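Notes to accompany the following structure.
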Amino acid sequence: MTLVFQQILNGFVVGGTYALFALGFTLIFGVLHVLNLAHGAVFMWGAFVGLFTVTSLGLPLYVAFIAAMLAAGLISVLVDLVAFRPLRARGSPEFAAIISSIGVAQILMSLAQIASQTQVYRFPFGTFPIVFYNVLGLRISLQQIVIVASVVVLVALLLGILFATSFGRQIRAVAISERTAALLGISVSNIHGLTFFISGALAGAAGVIIGIAFNSVHFLMGEPYLLRGFVVIILGGLGSITGALAGGLIFGMVQTLSIAFLSSALSDAILFGMMFLILLVRPSGLFGALHRQVRVVRQ
Amino acid sequence: MLEVTDLATAYDGITALRGVTLRVPTGSMVAIVGPNGAGKSTLLNTISGVLRPHAGTVRFDGADVTRLPAHKVARLGLLQVPEGRQILGPLSVEENLLLGRLARGARAADGTADDLDAVFSLFPILAERRRQEGGSLSGGQQQMLAIGRALMGRPRLLMLDEPSLGLSPIMARQVFDALATLKARGQTILLVEQNARRALASTDFAYVLEQGRIVQEGPSAALASDPRIISHYLPETDLSTS
Amino acid sequence: MTASTLSLEGVSRRFGGVLAVENVSFSVAPGEIVGLIGPNGAGKSTLVNLIAGLLRLTSGRILLGAADISTAEAPEIARAGIARTFQTVRLLKDESVLDNVAIGFHAQQKSPLLARLLALPAALAEVRATREQAFAILERFDMAGFAHVPAGALSYGHQRRVEMMRTLALRPNLILLDEPVAGMNDVEADALGRIFQGIAGEGIGILLIEHNMRFVMSLCGRINVLDSGRIIASGPPAQVRSDPAVVAAYLGA
Amino acid sequence: MIGFVSSLQPLGELVLVNACLAFSQYVVLRAGVFSLATAGFASLGAYGAAILAARHGVPMPLALVGAGLIGAVAGLVLSVPLSRLRGVYQAIATLAFVQIVLSLALYLEPVTGGAMGMNGLPRLIGGWELILVFGVIFYAMLALSRAGIGSTFDAIRQEETVAVSLGIRVVDYHRLAFALSGALGGLGGGLMALRNYSLVPEDFGFPLLIAVLTFVVLGGRVSPVGPVVGAAVLTLLPEIARPLADYRLLVNGVLMVLVIIYWPHGIVDTIRLHLRQRRHAVSQAAP
């Protein structure tokens with residue numbers, strides 16, 4: 001029984017990191033109604049920047065964390081400028097946006113491949129003290145506590161920005177109607193840029209956390225997270241902030257438990273199967289978000 | 001205050017405006033009337049910067065704003081209350097109003113609370129509903145919210161697109177009463193209305209737009225008694241029955 | 001296709017708490033041009049989408065002849081003989097004018113799927129025949145010279161014509177026209193109006209939804225006036241335009 | 001000279017295999033279905049063909065037909081729920097399908113060999129067989145364009161509401177597109193299996209999905225020549241321009257962004273549209 005609880009606890013921690021990754025992913029869909037398939041690559045670059053800040057510059061981890069968030073935020077803004085803005089100006093369909101973001105993802109991955117010479121990097125030993133606590137018979141590491149704490153702080157920060165500041169109000173206004181927002185004096189393109197920055201910064205934070213937790217940083221690390229990010233945001237509902245949080249936690253639990261008690265290959269089949277089912281039964285996700293209207297049958 | 005000269009706009013492949021020229025003097029209330037599909041909304045959206053004209057100019061307080069993007073036009077104090085109200089449904093009444101304040105931009109930074117109070121005193125119902133979602137209001141209340149939201153931006157010129165659209169007669173009257181109050185306070189207003197009689201009764205000057213052209217203009221009172229105007233709406237109507 | 005009457009019986013549609021269309025009844029007989037007018041937001045588009053099979057009825061029935069088509073999906077409505085045009089012209093902009101009209105014959109294709117998949121001679125012959133029929137329609141509308149022009153390159157008025165030709169390719173017995181002369185001047189509108197009269201003369205019923213009062217009055221035998229989702233007046237043009245309720249709806253009380 | 005030509009042969013074969021996979025992606029995109037399932041179909045077809053040919057000694061042509069059938073059935077099954085979805089939802093659901101197939105291939109070790117895959121497969125397909133198969137597929141794609149199905153697909157892709165108003169049963173055509181995509185994807189996978197000596201699950205993951213998508217985006221989504229050109233350019237480019245080989249990913253990415261932004265119809269369709277417009281301009285100038 002303790003084993004189950006231990007796995008649930010581990011799943012909770014893993015789920016938190018997935019949620020962090022997926023929040024930025026879903027935020028862009030919620031505001032701009034496009035899927036940003038370069039989100040995984042931005043995340044990967046966040047991990048690299050964090051790593052180089054520690055290894056090459058010898059700066060402390062918290063500085064690396066902030067540097068990774070800033071850098072990934074800026075990269076994300078670049079993604080918007082290169083992949084999305086030219087298409088938006090022309091009113092191109094969502095298909096084009098997905099293709100161009102895949103293209104930019106490949107460019108970002110390729111640059112990381114060249115910069116890293118296809119090697120797997122690790123944070124130096126001792127970057128993070130290895131300390132374990134025993135609570136009610138469960139083993140909790142300091143690392144896990146810090147991960148959960150930083151996820152909570154970042155999520156609180158995001159919710160604070162979105163729901164208690166003028167910027168957040170403007171972001172939500174743009175998400176609902178770009179035209180109305182513009183008529184109210186909101187610069188829609190600035191808000192898009194801001195949204196991409198926030199999204200990228202969250203991905204950067206997730207990159208450093210995951211880079212440390214799994215002690216590996218490499219140019220392909222974004223891809224599996226992107227794929228799993230899909231599951232998370234579909235579970236929670238495309239474009240929904242609370243959905244991404246809940247979806248991340250569910251994902252972490254199911255993944256950890258299924259790996260522990262079944263097999264890791266089957267775990268992916270279960271998770272993606274879950275997503276497939278949700279799409280068929282409830283495309284707006286478990287927590288309901290945007291639902292694009294489809295006009296093939298009477299509504 | 002507003003001078004539109006020879007404006008022409010194409011939209012969805014249709015030439016929606018052809019050579020439109022009109023003026024709105026400071027402190028006046030001007031109406032644009034015309035049948036459905038005449039290009040009235042296109043005209044407001046071109047002035048607002050939502051649509052780009054392919055010819056002509058829009059000058060606001062002497063400055064050329066013809067090719068300015070919509071948000072910059074709004075920040076100059078040229079504010080539109082769009083057709084169908086366009087309330088940001090999931091946001092609360094108060095959040096909708098606070099967003100309206102952005103358009104004030106650099107023009108004035110003081111007196112936030114006063115503005116909210118001013119809107120609430122004009123539309124008391126909004127004060128009662130301030131925490132409710134904007135989308136849960138009735139049509140008339142949404143129209144009041146849309147006007148209140150624009151007022152938060154301290155408009156130098158307030159443009160309204162069909163403010164009585166889809167409202168019951170009682171609600172429509174309340175909205176027009178509020179406009180009369182604003183006018184009495186010196187607010188400059190440009191009103192687009194399909195309901196010609198109501199529009200002509202409450203404005204100083206009016207333009208008649210048909211198929212993208214201004215076909216007639218004059219003091220509202222004069223137009224209201226011009227039988228030809230009514231014929232634009234119901235051809236060959238026997239006036240004695242109306 | 002045998003001509004039959006379209007009848008709406010107590011049709012209602014609710015969106016959330018709002019009745020967009022409320023208890024609407026009227027009919028369009030073969031060869032008749034019936035007008036549907038009303039101020040912005042009166043529910044005209046909702047009504048078109050209800051008939052065309054894009055929206056579900058909240059209550060009431062829609063009949064074509066004796067057949068109840070209230071729940072049929074849009075492709076089946078089209079195959080039953082109801083064609084429609086759209087408020088903004090919708091053409092396949094990259095395809096040629098001829099192809100745009102030829103696609104209208106889709107519902108009449110007879111060769112089996114396998115024959116078409118393998119491009120068997122029978123299927124190819126059918127494609128050729130379809131293109132010839134499409135070309136005949138082009139000639140009738142004096143558009144043969146534009147057959148191979150991409151539809152998107154045409155002027156607005158010509159695009160409207162292509163849409164009309166595509167609609168006729170369906171061999172409908174009823175056509176829904178959703179604001180067909182929006183953005184046209186009187187001369188262009190009258191030219192199109194004569195085409196509509198010709199079509200009606202062949203026994204096809206037309207339901208004309210339009211803003212342009214002059215146009216509606218000149219073309220329709222009967223007019224229904226919609227306001228806030230309800231029919232407030234119905235009858236010949238002369239009677240409708242002097243109806244106090246109509247005057248109030250358009251001019252304000 | 002002969003040495004040079006023979007060195008080109010494997011490359012030519014790869015172009016043909018890639019073109020088959022590109023057609024699988026092309027058929028759905030042309031019909032307005034945003035499916036990314038080709039990699040999954042290819043995986044099913046590859047394992048199917050390998051198991052039939054290597055374990056059960058089924059003759060090569062039959063094994064290939066089997067691969068195509070497996071893909072077609074998978075496509076048809078998939079189409080039942082997926083013809084209800086649109087756009088990004090369809091894309092994500094098919095992505096899930098690819099991942100499910102991938103993880104099942106890893107999991108079902110007794111059948112698929114798990115992560116180690118299947119090794120020592122007989123090489124049953126060479127240049128001539130490939131050319132023959134490609135010829136048949138290309139004919140089928142041309143037939144699609146000539147006998148009306150292609151233009152129905154075009155109508156659905158460009159204006160679904162119009163298509164519906166003309167009596168086109170969109171759901172049926174989406175099913176057809178899924179089934180064809182499955183058959184072509186399965187066949188492509190079968191070709192891979194029967195000329196590659198070995199088979200591992202990762203061959204059919206996200207990178208293949210993106211590669212196949214790139215072929216069609218680059219080549220074009222309407223003319224059947226498009227996918228062939230796309231597959232040829234992207235397969236040959238790194239080989240012809242050797243220094244580029246190390247930057248293959250970068251070149252792909254840059255090409256994708258540039259093409260979708262500046263040539264959204266792809267190479268072949270852009271040229272086709274351009275020629276048609278010019279021809280029209282000429283015919284108007286000289287009536």
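This structure is a prediction, so every number in the text was calculated from the model and none was measured. Protein chains get the first letters and strands the later ones, always in sequence-line order, with residue 1 at the start of each.
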Problem - Gap separating the CG atom of B/Asn45 from the CG atom of A/Leu183, nearest 0.5 angstrom - result: 6.5 Å
Handout entry: Under 4.5 Å from any heavy atom of chain A - which part of B/Asn96
Key = neither
Problem - B/Leu88 CG to A/Arg172 CZ distance, which is reported to the nearest 0.5 Å - result: 9.5 Å
Problem - Over 12 foreign heavy atoms within 6.0 Å of CZ, A/Phe167 - result: no
Fill in the blank from the handout: So, the part of A/Arg169 with a heavy atom under 4.5 Å from chain B: the answer is both
Handout entry: Flag if over 12 foreign heavy atoms under 6.0 Å of CZ, B/Arg18
Key = yes
Practice task
Please determine which of B/His71, B/Arg75, B/Arg149, B/Met152 meets the side-chain contact (heavy atoms from CB on, under 4.5 Å) test together with A/Leu184.
Solution key: B/Arg149
Problem - Side chain / backbone / both / neither for A/Thr180 at chain B, heavy atoms under 4.5 Å - result: side chain
Problem - Atom of A/Ala182, atom of B/Ala74 and distance for their closest heavy-atom approach - result: O-CB, 4.0 Å
Practice task
Please test A/Ser166 against B/Leu102 for side-chain contact (heavy atoms from CB on, under 4.5 Å), starting from the C-alpha separation and ending with a verdict.
Solution key: CA-CA 9 Å; A/Ser166 171; B/Leu102 284 169; 4.1 Å; yes
Handout entry: When B/Ser48, B/Pro90, B/Gly49 are compared by non-hydrogen pairs under 4.5 Å with chain A, the top option
Key = B/Pro90
